[in-house]
Amino acid sequence: MEYVTLGKTGLRVSRMGLGGIPIQRVGAAEAKALIDALEANGVNFIDSARGYSVSEELLGQALEGRRDKFVLATKTMSRDKEGMAKDIETSLKNFRTDYIDLYQVHNPTPQQLEQVCAPGGALEALLEAKAAGKVGHLGITAHSPETFRRALELDWVETVMFPYNIVESQGTELMEQAKKQDVGFINMKSLAGGAIEDARLAMRFVSSNPNVTVVLPGMFKPEEVAANAAAVADTSPLTEEELAKVDAMRKELGTAFCRRCNYCAPCTVGIDIPNQFVFHGYLSRYGLQDWAKARYGALKAHAGDCVACGACEERCPYQLPIREMLKKVAADFGM
């Protein structure tokens with residue numbers, strides 16, 4: 001495993017880290033096995049979030065007795081001082097630790113970022129926690145280039161987490177600027193929220209960009225850790241065959257696809273919106289009609305139940321036309 005310096009934080013981290021969203025699917029024993037696999041493969045960077053339900057707690061249990069072997073990051077959507085201070089304490093308790101290496105402001109809009117930095121904003125609590133030794137370094141996560149650009153203008157921002165993958169390159173120039181400013185770039189959505197099936201190619205593509213400091217795939221199985229670590233370790237240039245696959249993926253997916261970030265939730269009528277698109281992808285892209293129809297049919301609510309309220313579209317960081325996309329899903333599945 002290659003180790004790099006995470007921008008101006010000075011932290012030495014593995015080139016590949018763990019994205020903590022999928023760990024919500026497993027129990028304590030499986031979480032421990034996952035951390036065992038990280039340790040065995042030299043992966044020392046772990047990222048979670050207050051919004052990832054039990055992710056922090058499961059990681060805290062699995063890290064007990066070996067906390068010092070890992071660089072721990074998390075994040076919250078609190079924008080004011082009181083909320084941020086409370087979330088920091090909750091994260092410390094969940095992780096069973098007295099310090100968190102990197103605490104991040106989670107996906108603020110440019111307007112919310114102004115609130116974070118204003119008097120009484122979340123930044124005050126972050127700086128106090130940093131002075132008290134509870135938090136080591138500060139960062140921002142973002143889905144919009146506007147927030148990324150604004151983050152690079154703030155002297156307290158030491159890292160930025162942003163999507164970058166085979167089909168999403170909207171942050172390329174900002175990534176270059178981040179490197180010039182010694183701001184660590186943490187890559188998320190390396191598989192475009194699951195839309196990219198070829199994980200090895202996805203990992204190789206992302207890690208081949210020198211402006212990416214850390215590649216952060218979401219994982220919950222030990223075998224995923226080994227496979228992704230091997231892909232990141234392969235630093236040979238992409239072959240002509242791989243480049244052709246990259247081009248084909250870009251043509252197939254375009255930009256109007258669900259990244260499964262789940263910010264659209266909750267749906268007012270209980271539709272699991274990301275899974276509607278996952279199963280539709282298997283139906284339309286991979287020809288697994290029977291498999292997709294069986295799993296789609298087992299969902300509690302379906303695309304056809306959409307009442308077109310538009311609440312999901314207001315929350316989607318990618319401005320997807322979710323209501324129209326659900327109409328297509330309903331038409332193809334017949335419900």
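What you see below is based on every heavy atom in this structure, not just the backbone, and it leaves out hydrogens, waters and symmetry mates.
Judged purely by distance below 3.5 Å, without hydrogens or angles, the side chains of Gln112 and Arg79 pair a donor atom with an acceptor atom. For the residue pair Glu39 / Asn44, no side-chain donor-acceptor distance below 3.5 Å is found, with atom types taken as modelled. Between the side chains of His137 and Asp101, no donor-acceptor pair of N or O atoms lies under 3.5 Å. Arg12 and Thr5 share a donor-acceptor pair across their side chains, judged by distance under 3.5 Å alone. With no hydrogens or angles considered, a side-chain donor-acceptor pair links Asp87 and Ser78 at under 3.5 Å.
Ser14 places no side-chain N or O within 3.5 Å of a backbone atom of Tyr3 that could act as its donor or acceptor partner. Side-chain N or O atoms of Glu30 include one that pairs as donor or acceptor with a backbone N or O of Gly27 at under 3.5 Å. Gln104 places a side-chain N or O within 3.5 Å of a backbone atom of Thr74 that can act as its donor or acceptor partner.
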Open item on the list: Using the rule given for side chain to side chain contact (heavy atoms under 4.5 Å, CB included), can you reason through Asp198 versus Leu191, listing the C-alpha separation, both sets of side-chain angles and the distance that settles it, and then say yes or no?
Closed with: CA-CA 8 Å; Asp198 191 334; Leu191 278 79; over 6 Å; no
TODO: Assess whether side chain to side chain contact (heavy atoms under 4.5 Å, CB included) is satisfied between Phe45 and Ile186, documenting all intermediate values.
DONE: CA-CA 11 Å; Phe45 185 73; Ile186 304 171; 4.0 Å; yes
TODO: Run the numbers on Gln115 and Gln111 for side-chain hydrogen bond (donor to acceptor under 3.5 Å, both in side chains), then give the verdict.
DONE: CA-CA 7 Å; Gln115 179 187 357; Gln111 294 74 26; over 6 Å; no
Open item on the list: salt bridge (charged side-chain N to carboxylate O under 4.0 Å, His left out) for Arg96 and Glu57? Distances and angles first, verdict last.
Closed with: CA-CA 8 Å; Arg96 305 185 182 192; Glu57 291 104 316; over 6 Å; no
- [ ] Go through the steps to decide whether Tyr164 and Phe205 satisfy the test ring-ring contact (aromatic ring centres under 6.0 Å, His included), and finish with yes or no.
- [x] CA-CA 10 Å; Tyr164 171 70; Phe205 175 86; 5.7 Å; yes
Open item on the list: Evaluate Arg323 against Glu313 for salt bridge (charged side-chain N to carboxylate O under 4.0 Å, His left out), listing each step before the verdict.
Closed with: CA-CA 8 Å; Arg323 287 172 288 185; Glu313 293 184 6; 2.9 Å; yes
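A salt bridge is defined here as a Lys NZ or Arg NE, NH1 or NH2 lying under 4.0 Å from an Asp or Glu carboxylate O, and Asp234 with Arg200 meets this definition. With respect to the salt-bridge test (charged N to carboxylate O, under 4.0 angstrom), the residues Arg50 and Glu56 qualify. A salt bridge links Glu89 with Lys134: the distance from a Lys NZ or Arg NE/NH1/NH2 to an Asp or Glu carboxylate oxygen falls below 4.0 Å. The existence of a salt bridge linking Asp36 and Arg66 is confirmed by a sub-4.0 Å separation between a basic side-chain nitrogen and an acidic carboxylate oxygen. Between Lys221 and Glu224, none of the side-chain N atoms (NZ, or NE/NH1/NH2) sits under 4.0 Å from a carboxylate O, so this pair counts as no salt bridge. A salt bridge is defined here as a Lys NZ or Arg NE, NH1 or NH2 lying under 4.0 Å from an Asp or Glu carboxylate O, and Lys8 with Glu158 fails to meet this definition. Between Glu114 and Arg150 there is a salt bridge, with a side-chain nitrogen of the basic residue lying less than 4.0 Å from a carboxylate oxygen of the acidic one.
In this structure, Arg67 is positioned above the aromatic face of Tyr99, its NZ or CZ under 6.0 Å from the six-membered ring centre and within 45° of the axis.
Side chains of Ile21 and Ser55 form no contact here, defined as non-hydrogen atoms less than 4.5 Å apart.
Going from atom OG1 of Thr172 over to atom CZ of Phe162 covers 9.0 Å, rounded to the nearest 0.5 Å.
The aromatic rings of Phe185 and Phe148 sit parallel to each other, their planes meeting at less than 30°, with 60° as the upper class boundary. In this structure, Phe333 and Tyr296 have parallel ring planes: the angle between them is below the 30° cut-off, well short of the 60° mark.
For Lys245, the NZ atom counts as loosely surrounded, since its 6.0 Å shell holds 12 or fewer non-hydrogen atoms of other residues, nucleotides or ligands. For Glu82, the CD atom is loosely surrounded, since the number of other residues' heavy atoms within 6.0 Å does not exceed 12.
Both Val71 and Val4 belong to a single network of hydrophobic side chains, linked directly or stepwise wherever heavy atoms of I, L, V, M, F, W or Y lie under 4.5 Å apart.
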